[in-house]
Engineer: 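Below: one structure in structure tokens.
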Amino acid sequence: MRRALAIGLLSALAAVGAAADTYPQRPITMVVPFAAGGPTDVVARIVAEPMSRALGQQVVIENVTGAGGTTGITRASQATPDGYTIMMGHMGTHGAAPALFKGLKYDPAKSFDPVGLAAGTPIVIVAKKGFPAQDLKGFIEVLKARGPAINQAHAGVGSVSHSTGVLFNSLTGAKPTLVVYRGTGPALNDLMADQVDFMTDQIVNVAPQIAGGTIKAYAIATAERSPSLPDVPTTKEAGLPGYEVSAWNAVFAPKGLPADVRAKLVAALDTALKDPATTKRILELGGTVPKEAEAGPVALQALVEREVARWTPVLRSAVETNP
Ligand code: ASP
């Protein structure tokens, strides 16, 4: 009896080992919780291609939108943790959301096996091309004077554009009308078409349009100017030093991955980010590539915990004054 059990256990272990050894045997789905064409989608597509090469299987993007990114992340967090479903999370879904959703069905720090940071994405304050203000100070004056007549785009409660936008409004006293989109890709289209007035968004979405002059940038919310947008002043230079905020995108898997599968995903992302073509694309769009100490699952877990702790009090009080 004992012998039979032992043999059974051994063959079960062998089966698990074999599955991990041969992973991946079919395409892997990377859930992007926002619309195609936006920053999360762009970063996902930039890293999915070299990750596919490293893994020898296609990493296929699936856009699952809604509720500020929490719909897609909830779904992906509940997938079987076998390495065939991963996701591109960000500062909103894995940092800001717990402050803004009472019934959030995942815990950013506990429901995932972090794979690694993919890109840092500074926040830029952008407006439609014809917005009647020359600089950030003038922009804030117009916002305050026109109140709800100004429309601010965002990608849903808890998203980066929403949380950083609410923070901007609470710091400046602006009270615009908030207009929700399924991602800042579609929001950017409406900004270019003059359908909305402004948003605060991740640089990788807006850098090409700023450079091309189809939208305006009033400031970048980082300590230093971005090499990809050298003419855009920092918020400090432009007179709003309290508004310094940078977002990020990162790859996560549902909690419980077999160790070998996890190691393969971590290695594939690492290889992808060391590919000079990948780095070049991220940098051209104004993003930053994780430094050694920021890369990988341990650093990402620590980042998530820090971000949740940082955003929860800030957003709760900002939302009280600016729902
Ligand atoms: N960056 C956006 C946000 O969270 C969403 C997107 O990636 O489209 O605001």
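Residues take their numbers from the sequence shown, with the count starting at 1. Remember, it's 1-based here, ligands and their atoms both numbered in the order they're listed.
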Engineer: Name each donor-acceptor pair under 3.5 Å that joins a side chain in residues 98-107 to protein atoms two or more places apart or in another chain, with its distance.
Structural biologist:
| unit_1 | atom_1 | unit_2 | atom_2 | d |
| --- | --- | --- | --- | --- |
| Y106 | OH | T93 | O | 2.8 |
| D107 | OD1 | A109 | N | 2.9 |

Engineer: Using a 4.0 Å cut-off on heavy atoms, what residues surround ligand 1? Order them by chain and number.
Structural biologist: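 The 4.0 Å shell around ligand 1 contains F34, G38, P39, T40, H90, A155, S159, V160, S161, G183, T184, D201, Q202.
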Engineer: Do the side chains of E49 and R45 get close enough for a salt bridge, i.e. N-O under 4.0 angstrom?
Structural biologist: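 Salt bridge between E49 and R45, a charged N being under 4.0 Å from a carboxylate O: no.
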Engineer: Look at the rings of F252 and H94 and say which category their plane angle falls in: under 30° parallel, 30 to 60° tilted, over 60° perpendicular.
Structural biologist: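 Ring orientation of F252 relative to H94: parallel.
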Engineer: Using the side-chain hydrogen bond (donor to acceptor under 3.5 Å, both in side chains) rule, collect all pairs that involve residues 285-303, keeping only residues at least two apart or in two chains.
Structural biologist: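 Listed once each, the pairs are Q301-E305.
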Engineer: With side-chain hydrogen bond (donor to acceptor under 3.5 Å, both in side chains) as the rule and sequence neighbours excluded, what pairs involving residues 114-137 come up?
Structural biologist: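 For residues 114-137, and leaving out neighbouring residues, the side-chain hydrogen bond (donor to acceptor under 3.5 Å, both in side chains) pairs sorted by first residue read T121-Q202, K128-D197.
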Engineer: Verify whether the ring centers belonging to F34 and Y181 lie closer than 6.0 Å.
Structural biologist: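 Ring-ring flag for F34/Y181: false, centres at least 6.0 Å apart.
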